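In this text the structure is predicted, and so the values were computed from the model without any measurement. Letters A, B, ... mirror the listed sequences (proteins, then strands); counts begin at 1.
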Amino acid sequence: MAKEYNFREIDQKWHQKWVANKTYKVVEDESRKKFYVLNMFPYPSGAGLHVGHPLGYIASDIYARYKRLQGYNVLNPMGYDAYGLPAEQYAIKTGQHPEKTTFANIDRYREQLDKIGFSFDWDREVRTCTPNYYKWTQWAFQKMYNSYFDEELQKAQPIEKLIEKFKKEGTWPSDEKEQSELLMQYRLAYLGETMVNWCPALGTVLANDEVVNGVSERGGYPVEQKKMRQWCLRVSAYSQRLLDGLETIQWSESIKETQKNWIGRSEGTEVEIKVADSDVDFTIFTTRADTMFGVTFFVLAPESELVDKVTTPDQRAAVDEYIKYVKGRTERERMIDHTVTGVFSGAYGINPITGDKCPIYVAEYVLAGYGTGAIMAVPAHDSRDYAFAKHFNLPIIPLVEGADVSEESYDAKEGIVMNSPVSPDKSVKYDGESLNLNGKTIKEAIAETKRFVKAHNLGRVKVNYRLRDAIFSRQRYWGEPFPVYYKNGIPQMIPEECLPIELPQVDKFLPTETGEPPLGNAQIWAWDEQNKKIVDKKLIDEKTVFPIELYTMPGFAGSSAYYLRYMDPLNTEALVSEKAASYWQNVDLYVGGSEHATGHLIYSRFWNKFLFDLGVSKKDEPFQKLINQGMIQGWSSFVYRLRNTNKFVSFDLLEEKYDDAKKKNLYYYQGTEADPVYADISMVSGNVLDVEKLRQWTPEFRDGEFILNNNGQYIVSQAIEKMSKSKYNVVNPDDICENYGADTLRLYEMFLGPIEQSKPWDVAGIDGCFRFLKKFWSLYWDKEGNLTVDDSEATADNMKTLHKLIKKVTADIEEFSYNTSISAFMVAVNELSSQKCRSKQVLSVLPVLIAPFAPHIAEELWEALGNSTSVCDAQWPAFDEKYLIESTVKLGVQFNGKVRFAMEFPADATPDQMVQMATSAPDAQKHLEGMQIVKTIAIPGRIVNIVVKPNN
RNA sequence: GCCCAGAUGGUGGAAUUGGUAGACACGAGGGACUUAAAAUCCCUUGACCAUUGCGGUCGUACGGGUUCGAGUCCCGUUCCGGGCACCA
């Protein structure tokens with residue numbers, strides 16, 4: 001009997017050794033180069049890990065182990081994003097404290113993670129909900145509060161500098177309340193009266209990225225717009241830096257593109273518009289300054305305060321009614337329904353370029369939050385203005401030669417401008433100059449108009465960003481409390497030395513009866529200013545004891561700077577020490593899902609840029625390279641229940657009909673509609689249901705009648721969906737570890753396909769990886785279970801196989817192309833096996849090569865070969881080109897990078913011979929005439945490149 | 001509507017970035033060993049034609065183009081996925 005590959009024993013043995021020897025502990029070491037690998041830390045949900053979670057962890061663990069073998073000092077930490085809604089909702093339902101369930105879930109996650117053999121340094125674990133951690137979240141918030149963004153320096157500065165400036169200018173008010181309000185307009189963390197996404201069902205506000213298609217991302221509840229006083233982060237101040245930074249980092253183009261869209265830079269022109277017969281004026285923003293001659297009306301956003309100033313008495317009633325209508329519409333309704341609505345304000349604006357009086361409308365298609373909340377409408381060249389003009393019968397003036405605007409607007413920025421002006425008297429003179437754009441291209445016309453507007457002080461060139469400030473408060477319990485108290489309604493920061501302000505105990509996790517957030521339930525929640533401590537609410541007297549903020553921070557607060565904390569997780573004096581931050585700098589490789597593109601990945605970059613301005617973070621960008629791992633989806637299974645019965649019909653007996661109205665397939669059995677019901681995938685093999693298992697699963701199936709097909713089987717239908725507890729399609733990694741071992745799981749998850757691609761989990765192929773490990777194992781042992789490795793000289797074939805493998809695996813890991821490197825291993829093992837290779841020269845290298853992928857088996861073999869140290873401390877081998885020289889036939893000759901003709905070469909021709917033959921071939925002569933050869937490149941067996949240039 | 005990424009056997013996916021398409025794995029079929037099963041090993045496996053042998057033709061969503069040579073580059077079309085979306 002050959003020595004068996006006993007993965008259970010091996011996995012357990014090495015897990016224990018790694019823990020005992022602290023193999024993965026990492027300390028700063030100035031003598032070695034650092035490498036920082038990081039995964040997006042998980043939210044510990046009650047469902048535990050499924051096979052999708054480890055995908056990214058395995059990918060980064062492979063890279064971390066590889067870098068370590070290359071001699072880098074690798075930081076590869078793990079922790080938990082522990083604040084979150086599910087724990088809170090569970091608490092509301094059961095009364096259990098969220099901390100209790102969260103910590104229980106963390107323990108379970110840890111147990112599962114430990115089975116997979118990660119090289120995490122657990123001594124650096126962080127949990128965002130522990131005071132020792134969130135102290136620094138609160139600290140950063142206070143720093144933001146005490147900073148403003150200096151437009152000239154393009155960086156954060158202490159707020160004191162701004163106060164000084166106001167004092168110097170003489171604009172510093174004496175009243176404390178006015179001072180506070182003035183500074184609030186500049187602070188990076190500020191209290192703002194803003195329109196927020198209010199979710200009544202969740203009882204909290206949500207950030208823009210937490211709202212998807214007008215409903216909450218979590219739970220899918222309706223969201224409405226509401227004006228509320230909220231803490232905000234002035235993320236928009238960093239718009240340009242967030243945009244510029246994208247050019248310096250190695251992220252996928254699609255993620256960068258998404259962020260660029262989200263930041264939404266647009267360069268345009270602001271123009272001042274005077275309201276006729278009034279002293280009111282307003283500013284419009286346009287990116288199409290070239291179309292000023294085509295303006296036929298103006299539009300204000302309904303929420304704009306200008307509406308009130310502009311509306312004439314006779315239109316007042318109509319406008320008020322319209323505003324009421326708009327307010328009654330939810331975000332969702334506004335998004336889906338694009339019918340044209342609006343109302344005339346009664347006033348007219350004067351186009352400064354043409355002198356024309358144009359009506360001013362109020363319409364919901366103009367957004368208050370973007371630009372100035374007012375636009376000039378050019379129906380000929382903007383589809384929204386066009387629809388509006390058609391609806392209200394307003395004139396349409398085409399401005400581009402050849403553009404047909406009888407059916408739709410011409411929005412393209414291409415063409416030659418006309419009608420600008422229609423006649424010379426239609427262009428107002430300023431300082432003797434009037435604007436004429438006729439005959440120019442649109443691009444030229446934009447530039448010319450900008451110049452004109454600026455020169456005659458009619459407006460200014462302006463860059464606008466779509467990126468909004470982040471709303472930073474939530475009406476929840478399970479989050480970081482704000483280190484803020486209120487003195488006569490003016491917010492005050494609790495002194496830094498008193499941080500952290502710990503989350504108080506409450507008896508109920510719901511909002512209070514008076515509608516206060518859950519923290520309103522906390523009894524010991526008032527600030528004693530003199531004694532600097534938290535005291536009972538009853539003591540509030542507004543003289544020395546004041547109420548503390550009841551809001552908590554949102555989920556992204558704790559996850560924005562966690563990568564810095566890993567550098568120095570136990571530090572009580574600073575977020576991160578100068579020494580640790582200087583050594584680790586920033587994350588070299590970040591792995592996580594692309595769904596965070598407009599959330600965490602923006603907030604984190606903002607947060608880091610702020611800390612960089614403070615000198616705390618040492619790099620302007622937190623994550624140098626980003627890999628987005630795809631999702632592993634599950635195969636959901638459905639059984640079909642005939643409506644209003646307890647009968648379940650096999651899928652292949654159903655009749656399928658497409659319903660146009662519902663846009664999906666409906667199923668019928670003998671005329672009765674059948675509804676799909678989830679069945680747990682553990683009860684299904686292939687697409688055949690184990691009816692008895694299902695009966696025992698839940699009561700709804702126990703007494704069900706199952707109508708089987710002709711083969712006596714019940715067939716389910718299947719769909720690929722996101723893996724989720726509620727879809728009963730979750731595959732758990734523990735079972736795989738139990739049946740195949742951690743190394744097989746690691747290999748298989750990587751072998752499934754490119755990391756960045758989403759793919760359904762299919763256990764079918766796992767045997768291939770398991771077989772490979774068994775073959776790999778059996779390279780080392782004979783029938784009696786003795787090590788077969790000897791000191792024999794490796795053959796040329798052995799060396800070729802080995803060096804081919806080293807080359808391939810090294811290149812593949814660098815490109816995160818792990819699936820192909822595993823294929824290369826399979827080929828190499830087959831080759832060595834048929835070569836009957838026993839040479840230590842070759843076989844002692846393989847464990848090092850496989851160590852990143854399959855660390856347990858690597859350690860076991862490394863030890864068997866007589867090494868006393870961990871394979872983690874071995875050295876990654878280099879390949880030698882000399883073993884890899886190929887000798888095959890053919891292909892072509894190429895001149896100047898452009899191939900001209902094909903010819904064949906003998907199999908064993910050397911590069912020099914190939915060049916010689918190519919240049920002397922008859923076909924070559926015509927290309928070489930009058931030319932001299934600059935350079936030749938010959939790839940044996942493939943192609944000869946000859947770069948030529950003319951003589952002289 | 002705008003932007004991004006993609007389409008290769010029965011399946012997951014390779015292809016040195018313009019150089020033998022289908023590596024590797026799964027599945028399927030055949031065989032060996034075995035009383036039997038499991039495990040293991042060997043052969044076949046893109047399609048079609050020829051199979052006693054060599055072999056031949058077609059083939060990377062579709063239609064064109066560039067090139068000695070195209071899965072890869074260019075133009076057009078179709079389809080699927082992702083992001084943004086009254087952003088002026």
Side-chain angles (χ1 to χ4, degrees), chain A residues 1-2 4 212-213 252-266 268-269 284-289 291 298-299 301 334-341 363-378 381-385 387-388 411 464-468 594-595 597-598 628 630-631 747-748 751-754 756-772 774-775 778 807-808 811-812 817 819-830 833 886 888-894 897-903 923 939 941-943:
Chain A
M1 267 302 285
E4 203 190 334
V212 178
N213 290 328
S252 75
E253 280 311 310
S254 64
I255 270 246
K256 284 194 200 175
E257 202 60 38
T258 304
Q259 290 213 341
K260 280 181 199 166
N261 277 342
W262 193 257
I263 295 166
R265 181 184 205 271
S266 75
T269 315
I284 58 98
F285 174 75
T286 181
T287 54
R288 291 293 301 275
T291 59
F298 295 99
V299 188
R334 255 174 104 158
M335 268 165 105
I336 294 168
D337 173 24
H338 284 188
T339 46
V340 176
T341 67
E364 61 178 333
Y365 84 89
V366 173
L367 305 176
Y370 185 74
T372 58
I375 62 150
M376 62 178 209
V378 186
H381 302 292
D382 183 286
S383 50
R384 296 152 301 176
D385 298 346
F388 196 84
D411 291 14
N464 259 327
Y465 300 91
R466 189 157 51 200
L467 185 68
R468 307 291 163 80
S594 57
E595 67 272 18
T598 56
N628 296 117
M631 235 184 338
L747 282 178
Y748 184 56
F751 189 66
L752 226 40
E756 311 209 61
Q757 216 162 292
S758 288
K759 54 234 152 184
W761 176 260
D762 180 7
V763 83
I766 201 164
D767 284 320
C769 289
F770 187 55
R771 267 176 221 150
F772 159 70
K774 281 196 284 191
K775 277 184 212 165
S778 62
K807 186 179 181 181
K808 179 77 178 150
D812 281 351
S817 177
N819 55 334
T820 53
S821 45
I822 293 167
S823 293
F825 272 112
M826 291 174 172
V827 173
V829 167
N830 276 339
S833 172
E886 293 280 346
T888 44
V889 204
K890 72 181 153 274
L891 247 179
V893 182
Q894 180 173 330
K898 180 104 173 148
V899 181
R900 299 293 172 180
F901 67 96
M903 66 179 287
D923 281 345
I939 303 162
R942 205 158 286 147
I943 198 162

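In terms of phosphate contacts, A:Tyr365 brings no side-chain nitrogen or oxygen within less than 4.0 Å of OP1 or OP2 of B:A88.
B:A85 atom P lies 18 Å from atom NZ of A:Lys260, rounded to whole Å. When rounded to the nearest whole Å, the span between CG of A:Leu367 and C1' of B:C84 equals 14 Å. Here B:A88 presents its P atom at 7 Å from CZ of A:Arg466, a figure rounded to the nearest Å. To the nearest angstrom, P of B:A85 lies 12 Å from CG of A:Leu467. The interatomic distance linking A:Phe770 (CZ) with B:U40 (C1') rounds to 13 Å, in whole Å. Spacing between atom NZ of A:Lys808 and atom P of B:U16 amounts to 8 Å, rounded to whole angstrom units. To the nearest angstrom, P of B:A38 lies 18 Å from CD of A:Glu4. Distance CG (A:Asp382) to P (B:G1): 16 Å, rounded to an integer number of Å.
In this structure A:Trp761 satisfies the ring pair (Phe, Tyr, Trp, His ring centres under 6.0 Å) test together with A:Tyr748, sequence neighbours excluded. In this view, A:Glu364 and A:Arg329, A:Arg334 satisfy the salt bridge (Lys or Arg N to Asp or Glu O under 4.0 Å) rule, not counting sequence neighbours. With sequence neighbours excluded, the residues satisfying side chain to side chain contact (heavy atoms under 4.5 Å, CB included) with A:Arg265 are A:Gln240, A:Leu243, A:Glu267, A:Val463, A:Tyr465. Partners of A:Phe770 under the ring pair (Phe, Tyr, Trp, His ring centres under 6.0 Å) rule, at least two apart in sequence or in another chain, are A:Phe7, A:Tyr740. Looking at residues two or more places apart in sequence or on another chain, you find no salt bridge (Lys or Arg N to Asp or Glu O under 4.0 Å) involving A:Arg466. The side-chain hydrogen bond (donor to acceptor under 3.5 Å, both in side chains) test applied to A:Arg468 returns no partner, not counting sequence neighbours. Applying the ring pair (Phe, Tyr, Trp, His ring centres under 6.0 Å) rule to A:Phe751 yields no partners; only residues at least two apart in sequence or on another chain are considered. Partners of A:Asn830 under the side chain to side chain contact (heavy atoms under 4.5 Å, CB included) rule, at least two apart in sequence or in another chain, are A:Lys775. With sequence neighbours left out, A:Asn819 forms a side chain to side chain contact (heavy atoms under 4.5 Å, CB included) with A:Pro754, A:Ser817.
Nearer the 5' end of RNA chain B, as judged by each residue's closest nucleotide, is the contact made by A:Ser758, out of A:Thr598 and A:Ser758. Comparing A:Ser266 and A:Thr258 against RNA chain B, the residue whose closest nucleotide sits nearer the 5' end is A:Thr258.
Taking the C1' atoms as reference points, B:A61 lies 40 Å from B:C41, given to the whole Å. Comparing the same atom, P, in B:A88 and in B:U8 gives a spacing of 37 Å after rounding to whole Å. Distance check on atom P: B:G55 versus B:A21 gives 16 Å, rounded to whole Å. B:G9 and B:A5: their P atoms are spaced 23 Å apart (whole Å). A distance of about 13 Å separates the C1' atoms of B:A14 and B:U60, rounded to the whole Å. For the C1' atoms, the distance from B:A32 to B:A39 is 14 Å, rounded to whole Å. Rounded to the nearest Å, the gap between the C1' atom of B:C62 and that of B:G71 is 14 Å. Rounded to the nearest Å, the gap between the P atom of B:A38 and that of B:G31 is 15 Å.
Side-chain contact between A:Leu467 and A:Trp262 is present, with at least one heavy-atom pair separated by less than 4.5 Å. A heavy-atom distance below 4.5 Å is found between the side chains of A:Asn464 and A:Tyr370. Residues A:Leu752 and A:Gln757 fail the side-chain proximity criterion, which asks for heavy atoms closer than 4.5 Å. Proximity of A:Val299 to A:Met376: side-chain heavy atoms (C-beta onward) are nowhere separated by under 4.5 Å. Looking at A:Phe388 and A:Val366, their side chains never come closer than 4.5 Å, going by heavy atoms from C-beta outward.
Using a 4.0 Å heavy-atom cutoff across all strands shown, A:Arg265 reaches no nucleic acid atom at all. Counting non-hydrogen atoms under 4.0 angstrom, A:Leu752 reaches the backbone sugars and phosphates but no base. In this structure, A:Val366 reaches the bases: a heavy-atom distance under 4.0 Å links it to at least one base atom across the strands shown. Residue A:Pro760 is classed as having no contact, given no heavy-atom separation below 4.0 Å to the nucleic acid.
The strand RNA chain B forms stems, runs of 3 or more Watson-Crick or G-U wobble pairs with distances below 3.5 Å, at B:1-4 with B:81-84, B:10-12 with B:24-26, B:27-32 with B:40-45, B:46-49 with B:55-58, B:61-65 with B:73-77.
Distance from the side chain of A:Lys774 is smallest for B:A39 among the nucleotides B:C84, B:A88, B:A39.
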Considering only nitrogen or oxygen atoms on both sides, find all protein atoms under 3.5 Å from nucleotides 2-10 of chain B and state each distance.
{"unit_1": "B:C3", "atom_1": "O2'", "unit_2": "A:Glu257", "atom_2": "OE2", "d": "3.2"}

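Base orientation at B:U17 is syn, since its O4'-C1' glycosidic dihedral falls within 90° of 0. Taking the O4'-C1'-N9-C4 or O4'-C1'-N1-C2 dihedral as appropriate, B:G9 has a value within 90° of 0 and is therefore syn.
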For nucleotides 23-31 of chain B, 5' to 3', base contacts (B), sugar-phosphate-only contacts (S) and non-contacts (-) with protein non-hydrogen atoms under 4.0 Å give BBSS-----
